[in-house]
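One-based numbering, in listed order, for ligands and for the atoms of each. Small disclaimer: the values here were computed from a predicted structure and weren't measured.
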Amino acid sequence: MRTCIKFAESKLINYKPINLPTILAIESSCDETAAAVCIDGRIVSNIIATQKVHEQYGGVVPELASRAHMQNIVPVVHEALKKSGCTMDQLDAIAFTQAPGLIGALLVGAQFAKSLSLALQIPLIAVHHMQAHVLANLIDDPKPEFPFLCLTVSGGHTQIVQCNSPTDMKVIGQTIDDAAGEAFDKSAKLLGLPYPGGPLVDKYAKQGNPLAYKFPEPKIPGLDFSFSGLKTSILYFLQNAGKSNVYKESFLATEEDKALFIKNNLPDICASIQQRIISILLNKLQKAAEETGIKNICVAGGVSANSGLRSGLQSLGDSVGWNVFIPAFEYCTDNAAMIAITGYYKFLNNDFIQLDAPVTARAEW
Ligand code: KG4
Ligand code: ZN
């Protein structure tokens, strides 16, 4: 391992002594091209280029995502190294997202990481994107003690994960249909809001009454989730211009009435939808905590940026005596810092892969 000196405004501000593992991490599983550098478990740079090209299509277009990753990856990695004060020859390993994700998007990050690993003759670390979301909770202090439970809520996944150590975790509950992020994004789409709608529902919900409208809570056994029924009920609710959330031909409103209803009640509708998504999530999380007896509770994934979920989790935790951990905003949505911290623990375990390791769109744990 080599020394690394970090400069800012030409002044030496940091010094990496010999033998502190320095890892460059790359994330490219969906529509964020990201790179981060981690020195001995401390994130020293975290750069994200969010692809705007998808907005006009109302969702991520896989081919466009791959192309944008190819354009972004060199400047993003360059910037992450520059911010860290490290040069390529000071890196000890390269970590990258191997799965799950869009296959073409994953391939761009993987090929880049493999090429660097080959050129620099340093080991390669494969990271599972969902495990990395969980370990985002180990980036900042205070860190949760093991074991902890993590509610991982992203655009493609909704899981309750029991984490016994950085390298030992298991999914104990998950969605049987849509993910929580999809529930936000699809609701937003029905309301005519652009993609990704989650942050916009959050924004309007802040000015609305969460008790204005009632949406049903699904009755799914065990620790699993379901959001598809909620989506259907929102669809009927809007088709009926708020008169009912079950299908009733006699209530069906004209497109004009529906648009007017949404326009006049957007904050209340968003607050009520958000409230139901959050109650579905927190009720199952509480059940998991009761069943496992674990009181260290974390949250992760893009939906954990939601202000209602963050405050709801904190107040539930206060009332039932949990130690609640919520990552900083920049570590909730997709980022490479979480890949770097996961890579760091794998590095300590000598958990490396060969250059011919494939990427996979889906990956079981
Ligand atoms: O973890 P993430 O960045 O990407 C995936 O791995 O899927 O999660 C993206 C999801 C999207 O569905 C987005 O709408 C949602 O996170 N999201 C939010 C908020 N910020 C991002 N949902 C609700 N409220 C937010 N503030
Ligand atoms: Zn993610």
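Between Cys30 and ligand 1 there is no heavy-atom distance shorter than 4.0 Å.
Heavy atoms from other residues, nucleotides or ligands lying under 6.0 Å from NZ of Lys203 number 12 at most. Environment of NZ in Lys287: crowded, with over 12 heavy atoms of neighbouring residues, nucleotides or ligands closer than 6.0 Å. More than 12 heavy atoms of other residues, nucleotides or ligands lie within 6.0 Å of NZ in Lys243, so this atom counts as buried by the packing criterion.
Cation-pi geometry between Arg310 and Phe329 is met: the NZ or CZ atom falls under 6.0 Å from the ring centre, inside 45° of the normal.
Note: Phe225 and Phe227 have parallel aromatic rings, judged against thresholds of 30 and 60 degrees for the angle between ring planes.
A donor-acceptor pair is defined here as one N or O able to donate and one able to accept, closer than 3.5 Å; such a pair exists between the side chain of His128 and the backbone of Ala363. Side chain of Asn240 to backbone of Gly242: no donor-acceptor contact under 3.5 angstrom is found. Checked by atom type and distance alone, the side chain of Asp177 never pairs as donor or acceptor with a backbone atom of Ser226 at under 3.5 Å.
Annotation: atom 24 (N) of ligand 1 to nearest protein heavy atom, Asn306 ND2, 3.0 Å. For atom 26 (N) of ligand 1, the nearest non-hydrogen atom of the protein is Asp202 OD2, 2.9 Å. Here the heavy atom of the protein found nearest to atom 22 (N) of ligand 1 is Gly198 CA, 3.5 Å. For atom 20 (N) of ligand 1, the nearest non-hydrogen atom of the protein is Gly302 O, 3.5 Å.
Taking distances strictly below 2.8 Å, the protein N/O/S atoms close to the Zn ion (ligand 2) are His129 NE2, His133 NE2, Asp334 OD1.
Within the listing of ligand 1, atoms 7 (O) sit less than 4.0 angstrom from a heavy atom of Gly156. Near Gly181, meaning under 4.0 Å from one of its heavy atoms, ligand 1 places the atoms 12 (O). Proximity to Ala305 (heavy-atom distance under 4.0 Å) selects the following atoms of ligand 1: 20 (N), 26 (N).
The distance criterion of under 3.5 Å between nitrogen or oxygen atoms is met by Gly155 with respect to ligand 1. Between Pro196 and ligand 1, no N or O atom pair is found at a separation short of 3.5 Å. Below 3.5 Å of separation, one finds no N or O of Glu32 facing any N or O of ligand 1. Some N or O of His133 is nearer than 3.5 Å to an N or O of ligand 1, by distance alone.
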Subject >> Leu124 vs Leu355, side-chain contact (heavy atoms from CB on, under 4.5 Å): CA-CA, chis, key distance, verdict >> reply: CA-CA 8 Å; Leu124 193 59; Leu355 284 171; 4.0 Å; yes
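Evaluated by nearest non-hydrogen atom to atom 3 (O) of ligand 1, the leading choice among Val303, Asp185, Asp334 is Asp334.
A distance below 6.0 Å separates the ring centres of Phe215 and Phe237. When ring centroids are compared, Phe347 and Phe352 come within the 6.0 Å threshold.
Using a 3.5 Å distance cut-off with no hydrogens or angles, the side chains of Glu27 and Thr97 do pair a donor with an acceptor.
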